[in-house]
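Let me begin by presenting the structure, written as structure tokens, before commenting on it.
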2 protein chains.
Amino acid sequence: MVSASSSDLIPLVRKLESITQLTGEERQALESLPAAIRLMQPRQDIVRDKDRPEHCCLVLSGWTYRYKLLSEGKRQILSFHPPGDLPDLQSLHLHVMDHNLATLTACRLAFIPHEAFRDLTNRFPGLGAALWRDTLVDAAIFREWMTGIGRRTAFGRIAHLFCEMYLKLHSVGLATSHRCELPFTQVDIGDALGLSNVHVNRVLQEMRGKGLITLQGSRLVIVDWGALSEAGEFDPTYLHLRAGETA
Amino acid sequence: MVSASSSDLIPLVRKLESITQLTGEERQALESLPAAIRLMQPRQDIVRDKDRPEHCCLVLSGWTYRYKLLSEGKRQILSFHPPGDLPDLQSLHLHVMDHNLATLTACRLAFIPHEAFRDLTNRFPGLGAALWRDTLVDAAIFREWMTGIGRRTAFGRIAHLFCEMYLKLHSVGLATSHRCELPFTQVDIGDALGLSNVHVNRVLQEMRGKGLITLQGSRLVIVDWGALSEAGEFDPTYLHLRAGETA
DNA sequence: CGGATGGTTGAAGGGACTCAAAAAAGGTGG
DNA sequence: CCACCTTTTTTGAGTCCCTTCAACCATCCG
């Protein structure tokens, strides 16, 4: 457990700048947040349902994800978080966790005390608004996922997920030219979209067959963005990206 | 379009007090927010996808709901809002709407300028935190709905919805002794839970048959709370109610 | 090279859907 | 207060998307 140097928190700055504009002063204040760095293995819980964390977790490298567990081992994945994300920022004002947060891959994580965030938002109301906005985008993504799970076909859901993931990565400079690394298994995709892994597998083959994507291991290439986003009825408005980048 | 008197905004105070504690000063500041009152007919859009509202809508009486539209007339309902709710509070920091807000029943609504909210949160940081918290609870409910739609049976989903609705109403003093008014049609329930109205109808009959509920018109009576909440695997943690009320 | 994890395939079944029509309930106005 | 129209609920029949179960193959890694 080491404490962070100011360059460590750059992914956070980049993330917030993807959805809002920051002043130089605000950027500096963010970078000098106190944070404890920790390395974690893949598939480890970071915070659990019913916990009362005193810190927020920032992803510096690797991926994390949030999930709920139901009876008979059923799992619903709520979100995937690449570097720069604050996957449990909501714990700043919701004191009890209502879901789990875990690593997907090996991760480098920064833990920032709630106290430091509260101090930060007091001194910089603009940053307070930016963080609030971040949690609102989070909620907007939940709404979109709900809509997908409730009303889209399996094919549409997966197409939509791929479009969203690519655009999110692109907006923080972690992907270009319709290629990215998505380190999820087919079971993960199923649990995120309310599908069985078997069906995910079949739909992926169909997508490859139609020449929409390439997917080997965790490397996704979106071969035909137009067709894929059409299949998923993908409209990026809900991501509320600053530049309104579309693809 | 009349402007509000201070007693008009009491439902808002009650709602915020269901999830947080307010000081006398804060309560007073809330009640003296400037607001324009408007009456609306049932099933009218209040704010539409892609709009850029300058006001937040507060429900004074009646119900509103949020929804998204997809191709071929498919609809996903995202939330239902009884009196006291601020169903588009997110528009304070997300400037473009990514879904629609509409009346479910005839409504009395108050429209409060964003400007007034910004001023309020500047003068009373505690109220800023309370409103932020409100949007976080909103997001927590989305997560729970996602989980239901993705991983629960039709029976479990409907059971869960009824438990949630009753508890939300109870927390603001709009329901007691396991009875409440839910003015949704079976089509609405289906569009909220990712089901067809036909199937909703059959599940409701099954619920009545098992003696879990009574439902005539819009009057719901939860006859067997224990069995219903068990069927829906209902755990109220995600509602983040202040008293931690369970039933 | 063997053990583990993740991906692929086949077969069979079921939960929920669609379509279509009838019955019931809810206004509304004469 | 009843006739009429609309909306909502209910019912039946047939279908399909996706699931479950089970096995097999591929890939990765120490």
Side-chain angles (χ1 to χ4, degrees), chain A residues 41-44 63 65 70-77 103-106 148-159 161 181-209 213-220 231, chain B residues 41-44 63 65 70-77 102-106 148-159 161 181-209 213-220 231-232:
Chain A
Q41 296 295 312
R43 307 283 174 177
Q44 305 294 310
W63 286 71
Y65 71 110
L70 282 80
S71 66
E72 298 160 43
K74 287 194 293 266
R75 178 178 69 152
Q76 176 66 46
I77 290 182
T103 59
L104 194 58
T105 65
I149 300 173
R151 288 292 178 230
R152 268 191 257 271
T153 64
F155 197 98
R157 280 179 233 183
I158 297 178
L161 178 69
E181 294 279 331
L182 299 182
F184 335 135
T185 66
Q186 294 180 359
V187 174
D188 293 330
I189 295 176
D191 283 349
L193 302 180
L195 299 167
S196 71
N197 60 328
V198 174
H199 199 56
V200 169
N201 182 279
R202 288 179 173 135
V203 171
L204 287 177
Q205 291 179 52
E206 193 186 344
M207 278 187 175
R208 284 188 273 239
I213 62 161
T214 270
L215 181 61
Q216 348 187 22
S218 61
R219 171 154 239 89
L220 171 72
Chain B
Q41 296 295 310
R43 306 283 173 176
Q44 306 293 312
W63 286 71
Y65 71 109
L70 282 81
S71 67
E72 299 161 45
K74 289 194 293 261
R75 178 179 67 154
Q76 176 67 46
I77 291 182
T103 59
L104 193 58
T105 66
I149 300 172
R151 288 292 178 229
R152 267 191 258 272
T153 63
F155 197 98
R157 280 180 233 183
I158 298 178
L161 178 70
E181 294 279 331
L182 298 183
F184 335 135
T185 67
Q186 294 179 1
V187 175
D188 293 330
I189 296 176
D191 283 349
L193 302 180
L195 299 168
S196 71
N197 60 328
V198 174
H199 198 57
V200 169
N201 183 278
R202 290 181 170 132
V203 171
L204 286 177
Q205 291 179 53
E206 193 186 344
M207 277 187 176
R208 284 188 273 240
I213 62 160
T214 271
L215 180 61
Q216 348 187 18
S218 62
R219 171 155 239 89
L220 171 71

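So you know, we letter chains A, B, ... as the sequences are listed, proteins then strands, and number each from 1. Remember, predicted model here, so these are calculated numbers, not experimental data.
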OP1 or OP2 of dT9(D) under 4.0 Å from side-chain N/O of Asn201(B): no
Are Thr214(A) and Arg208(A) side-chain neighbours, meaning at least one heavy-atom pair lies under 4.5 Å? no
Flag the pair Ile189(A) / Leu195(A) as yes when at least one side-chain heavy-atom distance between them is below 4.5 Å, and no otherwise. no
Nucleotide nearest Arg202(B) when distance is taken to its side chain, options dG12(D), dC18(D), dT10(D): dG12(D)
Nucleotide range of DNA chain C lying under 4.0 Å from chain A heavy atoms: dG6(C) to dA11(C)
Integer-rounded Å distance: [N] [atom2] and [X] [atom1]:
X: His199(B); N: dG12(D); atom1: NE2; atom2: P; value: 16 Å
X: Gln205(A); N: dC18(D); atom1: CD; atom2: C1'; value: 15 Å
X: Arg157(A); N: dC17(D); atom1: CZ; atom2: C1'; value: 10 Å
X: Asn197(B); N: dT8(D); atom1: CG; atom2: P; value: 11 Å
X: Arg152(A); N: dC18(D); atom1: CZ; atom2: C1'; value: 18 Å

Verify the distance criterion only: is there a donor paired with an acceptor across the side chains of Asn197(A) and Gln186(A) at less than 3.5 Å? no
When the rotation axes relating C1' atoms of four end pairs to the next four are compared across the helix from dT8(C)-dA23(D) to dG30(C)-dC1(D), five pairs an end, they differ to 10° by 50°
With sugar-phosphate meaning primed atoms plus P, OP1 and OP2, does Arg219(B) contact a base, only sugar-phosphate, or nothing at under 4.0 Å between heavy atoms? nothing
Whether [X] side chain and [Y] backbone form a donor-acceptor pair below 3.5 Å:
X: Glu206(A); Y: Leu204(A); value: no
X: Thr103(A); Y: Arg43(A); value: yes
X: Arg157(B); Y: Leu193(B); value: yes
X: Gln76(A); Y: Asp191(A); value: yes

Using a cut-off of strictly less than 4.0 Å between a heavy atom of the residue and any atom of DNA chain D, enumerate the qualifying residues of residues 184-193 of chain A by number. none
Tell me, with the steps shown, if Trp63(A) and Leu182(A) meet side-chain contact (heavy atoms from CB on, under 4.5 Å). CA-CA 9 Å; Trp63(A) 286 71; Leu182(A) 299 182; 4.0 Å; yes
